[in-house]
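Structure, as structure tokens:
Naming convention: chains lettered A, B, ... in sequence-line order (proteins, then strands); numbering from 1 in each chain.
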Amino acid sequence: MRLFRWEWRLLGWRIIGVPCLMIVALTSLTLLGQAGSSASTITTALLTVGLEVALPLTAALVAATAVGYDPAVELQLSLPVSYRATFFRRLILSCVPTAITAILMTLVLIATGQWLAPASGLLGHLVWLAPLTWLIALVCLLTVMLRSAVIASALIVVLAGAQALLYDLFAYTVWLRPIDLFATTVRFAAPVWWMNRVVLLVLAALTFLLTGALLRYPARLLGDE
Amino acid sequence: MSVSTRVALLGVTRYEFFMQARRWIVWLPILASAALMLTFVSGDRVNYYSAFTPAETVGTFALLFNFLTPLACGLVVADRLARDRRSHVDDLLQSLPSSARPRIYGKALGAGVATILPWFLIEMLGFSLLASAKHNSGVFFLGMGAFLAINLPAFIFTLALSLVLPLLLWLPLYQIAFVAFWFWAGLDPSRIVSISSSVVSPTGGYAAAGLFNGQGGYAGLANALLRLGPLAPPPSLGSGIVSIFIILAIAVGVLEVGVSFLRAGQRQAS
């Protein structure tokens, strides 16, 4: 627990600011959409996209910075504590503020009747949990593989942007549906939605395993890109 | 420009260009985001352009890139200046006789050319596909003009923002703000209040519609929720050129903020 406290101090309170900024951006967009004739549809769609993709993307960008650069990595590698444990500790901590924000937003969306997902209750949190886990797993793997948090972040944004731009392609191509980040927003049928969430979680687990395996090789960690 | 400033600018530009052009991983996000647009001119989708004139074709296709590729370019250069500080090269560079301006502009030029190179190559491939589909080689050459008028200003805008603002903001904070801004600036203004129908929008809608009569942008949209008046005139050659100059002026303004920031740092150090 003491190690978690130290890591929290290293990350600083600023990591709370990032999901807060995203919530401000989403609220502003929602307010800007109020002037139109189909305001309620736009509000629901925007908030769902926010919960499903924007907040997970926020977590991924913070996670990439949190795990991507450590000026004392040589020292870390010489300690009896495994660097892998430190890596994942930082990752978990960096996601906490975004996860809390997402939980609150889920409760608000359910309470206000703007809920589009076919699941509710605890399982309703899969709306954000599955994409969040998948995106942070992918960004960690890319950061370790490419040794650059900035490039990993850019690739993640391109992935999310590509799915937004080609949403019809992802929604109507059978083999792309399981990895569609916008499954709730485009309103997949319940069985497809459940399959999509499970596939994202399984992919995330496999990606974490691969990242863990790569972290066993100190040569991958020494030196910036 | 004095001789020493010119030499410094050339030196920084050359160094930045080669340093970045040799890092193949930097090419990945740009190639991915640009190659995505080729899906719009492959298979049956190329038929969408069959009724368009060559100018409309290149304007419409070039505008597509501005939805995502400038974003990828901005994100990959976001740590260029901030990285100098992290690796403590900053202190060394501040001790050199060269001033802050060649450092910022040299970085922008060098990193900019290295970043836009993969984008340019992919877009030219797209124009050659369109040229062969329309049996008109003019599409390819007109495409170069569309790249310069529509894509280059948007790219310079994101480059300036991404070089300077991470000096003032924590990187993930900047990344989120930048991504949110870019998507907002490209949204349909008839559904959400946005600047996408105005000449100040960096997404290149006016250049596409005014200079090439390209489709897909929102320049001067009549049913925009927010009436922007003189800021959203009907697209024409003049308003297209004005829009390009406004975007470039904002970019230069942002770079000048960066110059002042570096100078303030130098004064503090001395």
Query - Heavy-atom neighbours of B:Arg227 CZ exceed 12 at 6.0 Å - result: yes
Query raised in the report: Side chain, backbone, both or neither: which part of B:Leu173 has a non-hydrogen atom closer than 4.5 Å to chain A?
Result: both
Report task. Answer whether the closest heavy-atom distance between the side chains of B:Trp170 and A:Val62 falls below 4.5 Å. Result -> yes
Report task. For atom OH of A:Tyr167, decide whether the heavy atoms of other residues, nucleotides or ligands shown that lie under 6.0 angstrom number more than 12. Result -> no
Requested in this report: Please flag which part of A:Leu46 lies under 4.5 Å from any non-hydrogen atom of chain B: side chain, backbone, both or neither.
Outcome: side chain
Query raised in the report: How many angstroms lie between atom CG of A:Leu159 and atom OG of B:Ser33, to the nearest 0.5 angstrom?
Result: 12.0 Å
Requested in this report: Decide yes or no for A:Leu166 and B:Phe40: does some side-chain heavy atom of the first lie under 4.5 Å from some side-chain heavy atom of the second?
Outcome: yes
Query raised in the report: Side chain, backbone, both or neither: which part of B:Thr69 has an atom under 4.5 Å from a heavy atom of chain A?
Result: neither
Query raised in the report: With a 4.5 Å limit on heavy-atom distance, are the side chains of A:Leu146 and B:Leu28 in contact?
Result: yes
**Report entry** Residue among A:Thr30, A:Leu57, A:Val24, A:Thr58 with most heavy-atom pairs under 4.5 Å to chain B
**Finding:** A:Thr58
Report task. Counting only heavy atoms closer than 4.5 Å, note whether B:Leu187 contacts chain A via side chain, backbone, both or neither. Result -> side chain
Query raised in the report: Based on non-hydrogen pairs under 4.5 Å, which of A:Ala164, A:Gly17, A:Ala162 is most in contact with chain B?
Result: A:Ala162
Query raised in the report: When rounded to the nearest 0.5 angstrom, what is the spacing between CD1 in B:Ile25 and CD1 in A:Ile151?
Result: 5.0 Å
**Report entry** Winner by heavy-atom pair count (cut-off under 4.5 Å) against chain B, out of A:Leu169, A:Leu31, A:Ile15
**Finding:** A:Ile15
Query raised in the report: What's the spacing between B:Ile176 CD1 and A:Cys20 SG if we round to 0.5 Å?
Result: 12.0 Å
Query - Point-to-point distance, once rounded to the nearest 0.5 Å, from CG of A:Leu165 to CG of B:Leu36 - result: 6.5 Å
Query raised in the report: Counting heavy atoms not belonging to B:Tyr15, are there more than 12 under 6.0 Å from its OH?
Result: no
**Report entry** Neighbour count above 12 (heavy atom, 6.0 Å) for B:Arg45 CZ
**Finding:** yes
Report task. State, with a plain yes or no, whether a side-chain heavy atom of B:Trp184 is found less than 4.5 Å away from one of A:Leu32. Result -> yes
Requested in this report: State whether the number of non-hydrogen atoms from other residues, nucleotides or ligands found under 6.0 Å of A:Arg90 atom CZ is greater than 12.
Outcome: yes
Query raised in the report: For B:Val26, is it the side chain, the backbone, both, or neither that has a heavy atom closer than 4.5 Å to a heavy atom of chain A?
Result: both
Query - Minimum heavy-atom distance B:Ala72-A:Ala154, with the two atoms named - result: O-CB, 4.3 Å
Query raised in the report: If we only count heavy atoms from C-beta on, is the A:Val158 to B:Leu75 side-chain gap below 4.5 Å?
Result: no
Requested in this report: Rounded to the nearest 0.5 Å, what's the gap from OG1 on A:Thr41 to CZ on B:Arg191? Could you check?
Outcome: 8.0 Å
Report task. Can you tell which part of A:Leu29 gets under 4.5 Å to a heavy atom of chain B, answering side chain, backbone, both or neither? Result -> both
